[in-house]
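What you see is a predicted model, and the numbers here were worked out from it, not measured in a lab.
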Amino acid sequence: MMKKNAVLRLPPRLAACAGLALLLLAGCSALPDKPARATLYDFGPGPAAPAPAANPPTAALPTLALAEIESNTRLDSTQILYRLGYADANELRPYGQSRWSLAPAQLLRQRLRDALAERRTVLGPEESATIARAEGKVPDTLRISLDEFSHYFESASSSAGLVRLRATLIRGTTGGDRVLGQRSFTVRRPAPSADAPGGVKALAAATDAAVAEVVQWVDQLPRQ
C-alpha cells in the first residue's frame, strides 16, 4: 500500500519527455500573432461614363500618345505617404498598415488615360512607336512628371490630399522634338479624417481634379 504524501516518481526517460512537452507548450503560447495584412487602396471605380452625345463633334480630337509617368524614387513604391507640415514638412512618413494597390504614378496614369480617351484615341508608348514605323507619322506625346503625392497635415486636425505634377506636350519632328506647351498643376482636396483612409479619399479627389485640369489644358492647346 502507498503511503500518504508519497511522491510519484517517473522513470528518467518519461520525465524527460514530459519536460520537453511542457517546453513546447510554453513555446507555442509565446509565439507572436500573425502580422496584420496591410489594407490596399486605389482611387475607386471612377466617375460613371458620360452618355453618348446626341450630336457628336464632326472633327474628333487628334490621337495622343501618353508616356509612362515619371516620379521620384519614393513615389515609385506603394506606400501611402504623409507630411506633418506643422512639425517638419521636409520629412515624408509612410502609414504602417496601408498601401496603394499600385504605385501612385500608375494609378494616376490609368485615371488620366481614361479621361483623355473620352474624347480622343490614346496610345501607349509601344503603340505610338508601331504607328510611327508603319505610317511614318508620330502622334503628339503627353509627358507627366509627378512631383508630390502626399497626405499633408497643416495641423493635427486639418489635412488635405496634395498632388503636384508637371505636364508637357511634345511633337516629334524630323528635326527633333518640339515643346507645344508645358504647365505645372497643384491641387489640394480636404481630407475627411486624419488617418490613412482619410488621406486616400483626399488624394483620390485631388487626383481627379488634377486630371480634369490637365485634360482641359491639353484640349485647349492650339493645333499647331
Over 12 foreign heavy atoms within 6.0 Å of CD, E70: no
Rounded distance (nearest 0.5 Å) linking atom CG of D42 with atom CD of Q106: 12.5 Å
I144/R166 under side-chain contact (heavy atoms from CB on, under 4.5 Å): CA gap, chis, key distance, verdict: CA-CA 6 Å; I144 302 291; R166 183 176 67 257; over 6 Å; no
Interatomic spacing from OH in Y86 to OG in S155 - rounded to 0.5 Å: 7.5 Å
Test item: side-chain donor near acceptor, T168 and Q182, under 3.5 Å: yes
Evaluation steps, side-chain contact (heavy atoms from CB on, under 4.5 Å), between L102 and Q110: CA-CA 10 Å; L102 297 170; Q110 289 178 350; 3.5 Å; yes
cation_pi(R83, F153) dist<6.0 Å, angle<=45: no
Connected-component partners of L40 among ILVMFWY, side-chain separation under 4.5 Å: none
Distance (rounded to the nearest 0.5 Å) between R109 CZ and L116 CG: 10.0 Å
Side-chain donor or acceptor of S158 paired with backbone N/O of E154 under 3.5 Å: no
Considering all heavy atoms, the nearest L165-A210 contact: CD2-CB, 4.2 Å
Hphob cluster co-occupancy, L162 + V214, side-chain heavy atoms under 4.5 angstrom: no
R99 (side chain) donor-acceptor with Y95 (main chain) under 3.5 angstrom: yes
salt_bridge(R120, D219) N-O dist < 4.0 Å: yes
W217 backbone acceptor or donor facing R183 side chain under 3.5 Å: no
Mutual orientation of the aromatic rings belonging to F43 and F149 [parallel < 30°, tilted 30-60°, perpendicular > 60°]: tilted
Taking every non-hydrogen atom, the tightest pair across Y82 and S150: CA-CB, 4.5 Å
Stepwise side-chain contact (heavy atoms from CB on, under 4.5 Å) check, R74 with L81: CA-CA 9 Å; R74 195 66 189 270; L81 302 173; 3.6 Å; yes
Residues, nucleotides or ligands: over 12 heavy atoms within 6.0 Å of R143 CZ: no
